[in-house]
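Start at 1 and go down the list; that is how both ligands and their atoms are numbered. In what follows, residues are counted from 1 in the order of the sequence shown.
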Amino acid sequence: MEALDYHAEERRKAEFNLDEMKIVWAGSRRNYELSDRVARLVASDPVFRKDNRTMLTRKDLFKDTLRKAAHAWKRIIDLRLSEEEANMLRSYVDQPAFTDLHWGMFIPAIKGQGTSEQHEKWLPMAYKMQIIGCYAQTELGHGSNVQGLETTATFDPQTDEFDLHSPTLTSSKWWPGGLGKVSTHAVVYARLITGGQDHGVHGFIVQLRGLDDHLPLPGITVGDIGMKFGSGAYNSMDNGLLRFDHVRIPRNQMLMRVSQVTREGKFVQSDVPRQLVYGTMVYVRQTIVSDASCALARAVCIATRYSAVRRQFGSQNGGPEIQVIDYKTQQSRLFPLLASAYAFRFVGEWLKWLYTDVTQRLQANDFSTLPEAHACTAGLKSMTTSVTADAIEECRKLCGGHGYLSNSGLPELFAVYIPTCTYEGDNVVLLLQVARFLMKTVSQLGSGKKPVGTTAYMGRAEHLMQCRCEVEMAQDWLKPSTILEAFEARAVRMSIACAKSLGKFSNPEDGFAELSPDLVEVAIAHCQLIVVSKFLEKLQQDIPGKGVKRQLEILCNVYALHLLHKHLGDFVATGCITPNQGALANEQLRLLYAQVRPNAIALVDAFNYTDHYLGSILGCYDGNVYQKLYQEAWKDPLNDTVVPDGYLEYLRPILKQHIRTARL
Ligand SMILES: CCCCCCCCCC/C=C\CCC/C=C/C(=O)SCCNC(=O)CCNC(=O)[C@H](O)C(C)(C)COP(=O)(O)OP(=O)(O)OC[C@H]1O[C@@H](n2cnc3c(N)ncnc32)[C@H](O)[C@@H]1OP(=O)(O)O
Ligand SMILES: Cc1cc2nc3c(=O)[nH]c(=O)nc-3n(C[C@H](O)[C@H](O)[C@H](O)COP(=O)(O)OP(=O)(O)OC[C@H]3O[C@@H](n4cnc5c(N)ncnc54)[C@H](O)[C@@H]3O)c2cc1C
């Protein structure tokens, strides 16, 4: 018997080739096939079940995480999965674990900052998971200000060792994932001291626990920092604390690609810029942008499918009520998020390319694109995670009361997702880095140095400062060049206005601090321009499949025009557009929503998420929401008994007291 599909009618309405759209979303046919196979593998494996994890105690959740990580590793070995497939498998298991940090930060830190001898020694053990590592940078007293870290690594020429020490309470390492209970090793960031001189923060490979008994080594105090936000969610991770009491490590465990310490204790700074010590963060920030599109797509998929199932008001002659997805307000809240998921996907693809390019250049000692890579990864990480975190909460509200149920999947997704706005760099701190980069670019405009890459538009500042938008009718807003010029003009005008204001301060740092809220806005305008321009560039590519390109054009326009509508103040205040042109953009936006509507369900089907990965009754593929909600309610442990525990001790006496009072 064919399974009932409550979305069948919606799916029939789609005006594009879904299979081709799935390939666009995945990046290539090969990626699609790989990811589809691995997602199904995980979904069909009972060990990876996750429907009860919000009910588990912290200890049980943690043990469950260890069990899943061990099982995932066994599957990876047994099936001889490639590194790419293994990464996919871990992400579909969908439970934050120490392995995220081992593969995502410990190994990349050694690869990026270690010498070839260090690679040869440490990487084979790490790849086989004979050692498990984490990334121990943040301290109790300092996270954002990396140069303010207090842990010391003092070279002792007598023994050819470093002495790792935590001199104060605030120097305790605090937050590293995987540190609390699992890691045998860590890349520890500490101030390098040689001959009494402080050479700033560097990375060191430090063994923390015995490989036979898992006990902390002498001089090491280590443990978990405690429960975090939400039930389940990120509590599967053992974020840890760590203190060193004069722990000795051999000299060759300092990561020495950027700087070296000789046998005599001489500090040698190579040609490699010191910022490469921050390289692992750049790498992870880049991956966070692609992950943002996945998390956003997930929330949007749930809210879209549920909005098509849910009906409220408007029944005519006893017929069905209106699907809430047909309300214009629902569309104006939901469809920009759908468009943003696609936009972040494409900018994530581009950022991956940029990162690969800068890595290749670094290997050839070309450091010229490092500032651009830093600004792009920092800015886009910040922008996409802030939008996604807010969007998950908006999707919860779009699902009304049922969105607040744990089994909608949205509360847990929100709880797991929101720390991305903080980790790998607080989002405001990172936007200020982008602003510094932009102010530097503006200050060099008259010097003959041509801006390149994502700031190339600033080279056309003269034109962009005085150009006038030519929109006369709503449909004029559909011209890519019109949209692009409006975003470029807004970004450059905001940058130059800020640079002028900065110029009024005698001390530039005072000016930067005073104007920092405006500078954050400038950085956001620049990042939004990057996302819009990369979406438009994507549309220049040959995109096969009936109607696929057309849908992407619609989504691109929704993305750009909803931003224009949201930030109308910026666009109008900088004189890029008139208030009337703003109103025309809004008119066009409404027309675009009507074009998205029949395709909405198919556009979220294109994410190809299994029900297992989505983990949401509201977002399930077949849309059989009510029956599943009803069945699920009875599985709650509170419903194990008809009369609840505690009735006799606490409820009955009150109720009886009531009866006694009544008798009086
Ligand atoms: C429902 C279930 C779902 C399950 C899903 C499971 C998902 C699980 C995923 C898990 C993945 C990850 C887990 C998260 C792990 C988190 C790890 C961390 O958080 S690690 C710690 C991160 N810490 C930070 O990011 C700190 C932020 N601070 C900094 O980066 C710096 O201190 C900074 C940049 C703010 C300031 O640095 P500094 O003071 O040294 O710099 P200046 O401002 O003086 O700048 C000097 C100069 O350098 C340039 N610069 C700075 N940084 C970089 C860089 N990274 N690369 C290149 N250049 C850089 C800066 O621009 C200046 O340039 P100049 O030309 O001189 O102006
Ligand atoms: C779930 C999670 C996992 C983590 N995993 C790891 C890990 O594996 N390894 C690791 O080393 N670390 C990890 N961290 C730590 C994380 O990297 C830091 O918390 C993060 O970098 C922010 O630093 P902070 O906590 O010092 O924030 P703070 O800098 O103290 O921020 C507090 C407030 O001050 C503001 N602020 C700070 N500086 C400025 C400024 N210059 N200008 C304007 N405003 C400013 C911020 O915007 C924020 O609003 C993790 C954190 C979390 C939450």
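- In this structure, atom 45 (O) of ligand 1 has its sub-4.0 angstrom surroundings free of protein heavy atoms.
- With hydrogens and angles left out, the side-chain atoms of Asp426 and Ser144 include no donor and acceptor closer than 3.5 Å.
- Tested against Asp64, the residues Lys59, Gln95, Arg53 include a single side-chain hydrogen bond (donor to acceptor under 3.5 Å, both in side chains) partner, Gln95.
- In terms of N/O distances under 3.5 Å, ligand 1 is approached by Gly425.
- Checking only distances, Val428 never comes within under 3.5 Å of ligand 2, N or O to N or O.
- With distances taken over non-hydrogen atoms, the option nearest atom 24 (P) of ligand 2 out of Pro517, Ser144, Ser516 is Ser144.
- Relative to atom 53 (C) of ligand 1, the option among Gln433, His374, Arg53, Glu424 with the closest non-hydrogen atom is His374.
- Listed by number with element, the atoms of ligand 2 under 4.0 angstrom from any heavy atom of Leu101 are 8 (O).
- Considering both main-chain and side-chain atoms, Tyr135 comes within under 3.5 Å of ligand 2 through a nitrogen or oxygen pair.
- With a heavy-atom cut-off of 4.0 Å, Tyr234 touches ligand 2 through its side chain alone.
- Summarising the contacts of atom 28 (N) of ligand 1 with Gly230, Ser144, Gly409, Pro273, the nearest heavy atom is found in Ser144.
- In this structure, the protein non-hydrogen atom closest to atom 65 (O) of ligand 1 is Lys440 NZ, 2.6 Å.
- For His102 and Tyr127, the ring centers are positioned 6.0 Å apart or more.
- Heavy atoms of Tyr234 come nearer than 4.0 angstrom to ligand 1 in at least one pair.
- Taking the six-membered ring for Trp, Phe48 and His71 have ring centres closer than 6.0 Å.
- For the residue pair His374 and Gln433, a side-chain donor N or O sits within less than 3.5 Å of a side-chain acceptor on the partner.
- Note: Tyr135 and Phe106 fail the aromatic proximity criterion, with ring centroids not under 6.0 Å apart.
- Thr388 contributes atom OG1, which lies 11.0 Å from atom CD1 of Ile288 (distance to the nearest 0.5 angstrom).
- Not a single heavy atom of Pro371 sits less than 4.0 Å from an atom of ligand 1.
- Considering both main-chain and side-chain atoms, Asn145 never comes within under 3.5 Å of ligand 1 through any nitrogen or oxygen pair.
- When Leu432, Val520, Asp426, Asn239 are ranked by how near their heavy atoms come to atom 48 (C) of ligand 2, first place goes to Asp426.
- Between Tyr135 and ligand 1, not a single N/O pair is under 3.5 Å apart.
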CA sep, side-chain torsions, deciding dist, call: Gln253, Phe162, side-chain contact (heavy atoms from CB on, under 4.5 Å): CA-CA 9 Å; Gln253 286 181 210; Phe162 288 105; over 6 Å; no

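- Summarising the contacts of atom 63 (O) of ligand 1 with Arg436, Gln275, Met439, the nearest heavy atom is found in Gln275.
- Between Tyr234 and Phe229, the distance from one ring center to the other does not fall under 6.0 angstrom.
- No hydrogens or angles considered: nothing links the side chains of Glu412 and Thr54 as a donor-acceptor pair under 3.5 Å.
- Under a 4.0 Å heavy-atom criterion, Gly143 is in contact with ligand 1.
- Where the criterion is an N or O separation shorter than 3.5 Å, residue side chain and backbone included, Arg285 meets it with respect to ligand 1.
- At the top of the distance list for atom 8 (C) of ligand 1, counting protein heavy atoms only, stands Asp100 OD2, 3.3 Å.
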